[in-house]
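Note that the structure is predicted; figures quoted are calculated from it, not measured. Order of the sequence lines fixes the chain letters, A, B, ..., with proteins taken first and strands second; residue numbering starts at 1 for each chain.
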Amino acid sequence: MNTYSLEAKHYFSRELLAWYNRSKRDLPWRRHRNPYYIWVSEIMLQQTRVDTVIPYFHRFIDKFPSIEALADAPEEDVLKCWEGLGYYSRARNLQSAAREVKEQYGGQVPSDKKAVSDLKGVGPYTTGAILSIAYNQPEPAVDGNVMRVLSRYFLIEEDIMKGSTRAFMEGLVVELIPEGEASNFNQALMELGALVCTPKSPQCLTCPVMEHCAGRIAGMEESLPVKTKAKPPRPEYRAVALVEGVGAEKGKVLIRQRPSEGLLARMWELPHELAPQQAALAGADDAEQMDMLRGVLYEEGISVVPDHFHMQAEHTFSHIHWNLRVYRCTAAANDSSLPANYRYIEAKDMEELAFPKVFLTILNSYFAMV
DNA sequence: AAACCGGGGCT
DNA sequence: AGCCCAGGTTT
């Protein structure tokens, strides 16, 4: 139990709900109460903005209109549909969970808390979102938006990165949900965070609960929520081979598929290799980098002749910053047997293979040039 | 609790 | 250039 007054809580719930009913956005997954649509949208919306998700959502539902269609699709197709959205384990987990729902629950998204939360890729937030939005169950769905709104309105100065703070807010949300309004109320909380109670420069003057917002009254709305900041990504310097085929592979480019686990699992990419730390710090010259690439590929069973520097590129993950230097190479021989995860492709082959954004950019500009 | 896992948009 | 985001899984 907490010490906030019943009056402050009732006011908050009442005014927020009324505001939502007149201001909610018309979003594709709000047009039906289809648990599958809500599930897909919630997975896509993890760490991703609404405007980015909308076109992906339309394409995804068009290609995989039902849980069974998603369960029966080749994983390759699902990854391709997710290409550019990031956090690709979301896509693989979603399909894995769709297969589970098809087999165990007759293709219907379960409405039981444990069953939902046991699905791959579904954690505490998404469990609450599915149960409340799809089935109107009074479960909390506490994401970054909700924690920001609550930390300001109730002036909560606990670090939102701590599990105990999230647990406290989940308890608070359960008290705040008006009878029979879990779906609308949880969406209202997130909608306010997205549209009004924004991270920077919140629009307090248009906020439906401004009058009793303790954070604003204290003049602290800009400094809440309290959040420990993440470590900056570590830099990595990588040499990339853009290998042009010869003979039967003339006009094609060599690509490879990443391992099935870890960073960018099962995505396609240009061959590349981490530059030794010493060389990276010294700003190794291109000749040295090209020689390193040639040697690494030779060890893999691929003979190439690096030719010249082609372009530079960068790619930032949550924890790594890639500095890429791309080198044009020519295949030295018609390797009759490439390693299993390597192949040559032409431009049109990219329509069915999923690449991380940075390789998509490099390949598209290359194929447009030649 | 901390590390791992993408990418885009805003300031 | 740094900050933020409609988080989950693994260790």
Side-chain angles (χ1 to χ4, degrees), chain A residues 24-25 27-30 38-57 79 82-94 96-97 116-130 132-133 140-150 159-167 170 173 183 186-195 197-202 222-225 227-236 258-259 261-267 269 313-322 354-361:
Chain A
K24 65 183 167 196
R25 289 171 289 181
L27 301 175
W29 47 90
R30 283 184 181 160
I38 291 164
W39 179 19
V40 171
S41 72
E42 289 301 337
I43 300 298
M44 287 186 170
L45 286 164
Q46 291 169 6
Q47 309 294 16
T48 312
R49 295 189 137 69
V50 166
D51 291 343
T52 304
V53 164
I54 289 174
Y56 279 91
F57 179 82
L79 269 183
W82 210 271
E83 182 183 69
L85 202 50
Y87 284 105
Y88 300 97
S89 65
R90 292 185 296 174
R92 287 182 280 112
N93 287 338
L94 177 59
S96 165
V116 171
S117 119
D118 280 350
L119 295 172
K120 277 232 172 186
V122 178
Y125 163 74
T126 310
T127 299
I130 291 172
S132 64
I133 299 174
V142 174
D143 66 354
N145 270 330
V146 172
M147 289 199 279
R148 186 171 58 253
V149 169
L150 296 180
D159 186 344
I160 63 166
M161 296 302 281
K162 289 167 59 181
S164 56
T165 307
R166 167 186 290 272
E170 286 171 347
V173 168
S183 177
N186 278 344
Q187 294 184 79
L189 269 175
M190 295 188 269
E191 194 85 339
L192 189 74
L195 299 181
C197 196
T198 49
K200 299 277 176 67
S201 310
E222 293 269 16
S223 55
L224 291 170
K227 183 181 179 181
T228 58
K229 38 183 183 188
K231 283 199 313 187
R234 69 173 185 273
E236 277 188 5
R258 296 180 61 89
E261 306 214 326
L263 183 68
L264 301 169
R266 292 199 275 280
M267 304 281 285
E269 65 181 7
E314 295 183 22
H315 193 65
T316 306
F317 305 87
S318 315
H319 58 310
I320 309 173
H321 181 81
W322 276 356
F355 293 86
K357 195 87 179 182
V358 65
F359 295 110
L360 214 50
T361 305

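- Using a 4.0 Å heavy-atom distance criterion, A/Arg25 is classed as a base contact.
- As a whole-Å value, the separation of A/Leu119 CG from C/dT9 C1' is 15 Å.
- Rounded to a whole Å, the CG atom of A/Asp143 is 9 Å from the C1' atom of C/dC5.
- B/dC4 sits 24 Å from C/dA6 when the P atoms are compared, rounded to a whole Å.
- Taking atom P in both C/dT9 and B/dG8, one finds a spacing of 24 Å when rounded to whole Å.
- For A/Glu83, the salt bridge (Lys or Arg N to Asp or Glu O under 4.0 Å) partners two or more places apart in sequence, or in a different chain, are A/Lys80.
- Contact annotation: A/Lys227 does not reach the phosphate of C/dC3 (side-chain N/O to OP1 or OP2, under 4.0 Å).
- The distance between atom CD1 of A/Ile320 and atom C1' of B/dC5, rounded to the nearest whole Å, is 9 Å.
- Straight-line distance from the CG atom of A/Leu150 to the P atom of C/dA6: 14 Å, rounded to whole Å.
- Per the geometry, NE2 belonging to A/His321 stands 11 Å off C1' belonging to C/dA1, to the nearest Å.
- Nearest heavy-atom pair, A/Pro356 versus A/Leu264, reported as atom, atom and distance to 0.1 Å: CG-CD1, 3.7 Å.
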(message) Pair A/Gln187, A/Arg30 - check side chain to side chain donor-acceptor pair (under 3.5 Å), show working.
(response) CA-CA 10 Å; A/Gln187 294 184 79; A/Arg30 283 184 181 160; 3.0 Å; yes
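- Within 4.0 Å (heavy atoms only), A/Arg266 reaches no atom of the nucleic acid at all.
- Residue A/Arg148 places at least one side-chain N or O closer than 4.0 Å to OP1 or OP2 of C/dA6.
- At whole-Å resolution of the value, CD in A/Glu261 and P in C/dT10 are 9 Å apart.
- In this structure, A/Lys162 reaches neither bases nor backbone, as no heavy-atom distance under 4.0 Å exists between it and the strands shown.
- With sequence neighbours excluded, the residues forming a side chain to side chain donor-acceptor pair (under 3.5 Å) with A/Asn145 are A/Arg148, listed by chain and number.
- Across all their heavy atoms, A/Ala129 and A/Glu42 have their closest contact at CB-CD, 3.7 Å.
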(request) Encode nucleotides 6-11 of chain B as B, S and - characters from 5' to 3', where the letter depends on protein heavy atoms closer than 4.0 Å: B to the base, S only to sugar-phosphate, - to neither. (result) BBB---
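- B/dG6 sits 16 Å from C/dC3 when the C1' atoms are compared, rounded to a whole Å.
- Residue A/Leu27 is in base contact, counting any heavy-atom pair closer than 4.0 Å across all strands shown.
- A/Met147 and A/Val142 make their closest contact through CG-CG1, 3.4 Å (heavy atoms, listed as atom of the first residue, atom of the second, distance).
- For A/Lys231 and B/dC4, the NZ to P distance is 7 Å, given to the nearest whole Å.
- The shortest heavy-atom contact between A/Ala141 and A/Val146 is O-CG2, 3.5 Å.
- As judged by a 4.0 angstrom heavy-atom cut-off over every strand, A/Val122 is placed among residues touching the sugar-phosphate backbone only.
- For the pair A/His319 and B/dC5, the criterion of a side-chain N or O lying under 4.0 Å from OP1 or OP2 is met.
- Ring centers of A/Tyr56 and A/Trp82: at least 6.0 Å apart, outside the cut-off.
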